[in-house]
Each structure stands twice: as structure tokens, then as C-alpha cells.
> 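What follows is a single structure, and I will ask about it in a moment.
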Amino acid sequence: MTSIFSQDGKQTACTIIEAGPCIVTQVKTTETDGYNAIQLAYGDKNEKHTIAAEKNHFAKANTAAKKFVKEFRNYFTEKNLGDAITVDIFAEGEKVDVVGTTKGKGFQGVVKRHGFSGVGEQSHGQHDRQRAPGSIGNSSDASRVFKGMRMAGRMGNDRVKVKSLKILKVFPDKNYILVNGSVPGHNGAIVYIQK
Amino acid sequence: MNAAVQFVHEQLTGKKEFPKFKAGDNITVNYKIIEGGKERIQSFRGDVIKRQGQGHTATFTVRKISDGVGVERTFPIYSPNIESIELNKTGLVRRAKLYFLRERSGKSARIKEKRVNTAATAVAQ
């Protein structure tokens with residue numbers, strides 16, 4: 001993430017995404033596969049770590065082995081095997097959705113994970129339970145803990161979609177797009193952009 | 001810094017020519033203000049108490065005493081609203097962040113000026 005200034009001096013938080021070039025490695029149609037989709041591949045992969053099956057699959061599209069492969073359903077623009085999709089499909093001012101995996105936070109308590117407020121005071125017998133969840137249910141009636149009770153556990157590392165991010169700028173030379181705000185994941189993480 | 005971030009700022013953020021300054025220096029920041037459609041320049045003179053961040057998102061904070069009340073203002077260095085920066089005095093300080101000035105007032109809140117022997121540097125050149 002970084003930020004840019006507009007002409008009148010307003011600072012806007014934004015994220016740079018390298019969007020492509022993505023190579024079309026497979027075209028699925030209703031006749032052959034029962035549904036419409038295209039498969040896109042991005043990022044070069046070391047030849048040494050590529051198995052023969054993958055090599056042949058990419059060879060069909062006449063491209064080197066790629067690291068990330070993703071199928072996009074209902075892609076209605078006509079595309080052929082080996083076509084490259086670049087940032088040209090995006091325009092300034094357009095809104096896009098970005099899907100990614102959030103940063104993993106590890107095992108976290110209820111205050112961080114679910115926004116519980118904790119005990120709220122340090123005195124009156126609260127010796128060492130300032131961030132404890134409190135009661136998790138009733139006694140004899142129910143006699144059990146309800147499903148879905150919010151408790152401590154693994155946090156982050158979830159698939160998240162951020163909707164309607166505005167494209168501030170497109171850089172066709174470098175295949176960068178600049179979107180308003182933040183996107184899920186760490187620096188250099190892989191994300192999917194939907195129009 | 002990240003190459004992508006650097007590239008984007010080279011394209012979008014304008015270059016600025018300012019005198020070199022650091023924490024402890026006394027500077028005047030001439031800042032554009034838009035009031036009811038009209039633009040005017042307001043100057044803010046004080047001591048730099050910190051420089052923070054890197055690259056094109058870096059900021060600096062200026063502290064001054066206005067009517068006996070300490071006022072601090074943080075400016076982004078690459079903001080297009082900064083008209084100019086003047087360096088009035090170079091301060092002699094030992095640290096990069098001068099937060100200790102907040103607890104001080106009067107004489108003890110003064111920063112010693114770093115005297116540069118201009119004649120000697122002129123001869124050296």
C-alpha cells in the first residue's frame with residue numbers, strides 16, 4: 001500500500017496490483033465441458049519444478065510453465081489459447097472486486113477475533129482475566145454450549161472479497177493498476193480481480 | 001523500497017526542491033489554503049521535531065509556541081499544497097525525535113543553533 005496526492009492536495013490510500021499478463025491456457029465451452037470458462041495462468045515457474053503433465057498443458061497454449069492457474073467462469077469475451085490478458089481490459093474510474101486471502105493472525109482470543117470488549121476494569125476481583133470471554137451459556141436449561149458460540153481460535157488466512165474498489169490509474173507499460181484502498185493479504189500476495 | 005511503489009510515485013508525484021532540513025531545525029512552511037474558493041498562502045514557522053516515514057509518503061512535524069500554547073502540525077513532504085519551505089536556523093540536537101520539547105517551556109525549550117563557519121567553507125570550495 002501507498003498513497004497518492006490529487007491535484008488539490010488530498011491524499012488517497014491506494015494499492016498497486018500487478019495485473020497480468022495472464023495467458024489463456026484453456027478455453028471451456030458448453031459443448032465440450034458443460035459450462036463456459038477460461039483458465040488463466042500468471043507468474044513464471046522454474047522449469048526444474050514443473051512436472052511433465054503441467055509442461056504439456058502449458059505447451060498447448062504455447063507458453064512457459066506458470067506458477068498460478070485460475071479458472072474464471074462465464075467469461076464472455078472471445079479468447080483463444082495462448083492469448084495474453086493485460087491491464088488494457090481495465091479503465092480508470094472503473095469499479096472492481098478484489099478477492100484474496102487475508103494475513104494469518106494465528107491463535108487469537110475473543111477480543112481480537114470477535115471484537116469482545118473484555119472485562120473493562122482491572123479491579124473488583126479481575127485478577128488475570130481482562131480479555132476473557134465470560135460466560136458461554138446457561139446452566140441446567142440447555143446443559144450444553146450452542147453451536148457457533150464465538151470463542152478463541154485461528155484467525156485470518158480467510159478468503160475475502162473486497163467489493164467495489166475504484167481504479168485510480170492504469171499503467172499499461174508495467175501492467176500495474178492502482179486501486180483505491182486496501183486489498184486482502186500480505187505484500188506480494190496473489191489476488192483475483194473481478195469486473 | 002518496493003520497486004512498484006517507486007515506479008508509481010515517479011509517474012504521479014511531482015518533484016520538489018526543498019532545502020535539506022532535519023529535526024531541530026527552524027523552518028517556515030508556506031502552505032496553500034483554499035478558503036471559499038479563494039487560495040491563499042499561510043506560513044507556519046517553528047522547530048522540526050521529527051521526520052517520519054520514507055519515500056513519497058514521508059512527513060515532518062513542526063512545533064511552535066503560539067500565544068503560550070504549543071502547536072504542532074504535521075505536513076506530508078510531497079503534498080502539492082506546500083508552496084515552499086525556508087530554512088531559518090540549523091539546530092544543534094543529539095536525537096532524531098525531539099518529543100522532550102513537549103514537556104519543556106521557556107528557556108529550556110530552546111534549541112541551540114548550529115553555527116556554520118561560512119567563511120571557512122567558502123575558502124575550502
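Naming convention: chains lettered A, B, ... in sequence-line order (proteins, then strands); numbering from 1 in each chain.
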> Specify whether A/Tyr42 and A/Phe68 have parallel, tilted or perpendicular ring planes, treating 30° as the upper limit for parallel and 60° as the lower limit for perpendicular.
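A/Tyr42 and A/Phe68: parallel rings.
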> Only one of A/Lys163, A/Lys166, A/Lys195 forms a side chain to side chain contact (heavy atoms under 4.5 Å, CB included) with A/Lys95, so which one is it?
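Single pass found, and it is A/Lys166.
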> Is it the side chain or the backbone of A/Glu18 that comes within 4.5 Å of chain B heavy atoms, both, or neither?
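Contact with chain B involves no heavy atom of A/Glu18 at all.
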> Decide whether A/Gln194 and A/Lys161 meet the rule of one side-chain donor and one side-chain acceptor closer than 3.5 Å.
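The answer is yes; a qualifying pair exists.
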> Given a strict heavy-atom distance threshold of 4.5 Å, which part of B/Phe7 is in contact with chain A: side chain, backbone, both, or neither?
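Contact with chain A is through the side chain of B/Phe7 alone.
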> If only side-chain N and O atoms count, and only distance matters, is there a donor-acceptor pair under 3.5 Å linking B/Thr74 with B/Thr59?
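Their side chains do not contain a donor-acceptor pair, so the 3.5 Å distance test is not met.
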> Let me know if A/Lys169 has heavy atoms under 4.5 Å from chain B in its side chain, its backbone, both or neither.
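Interface part for A/Lys169: side chain.
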> Please state whether the side chain, the backbone, both or neither of B/Gln11 comes within less than 4.5 Å of a heavy atom of chain A.
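Side chain only.
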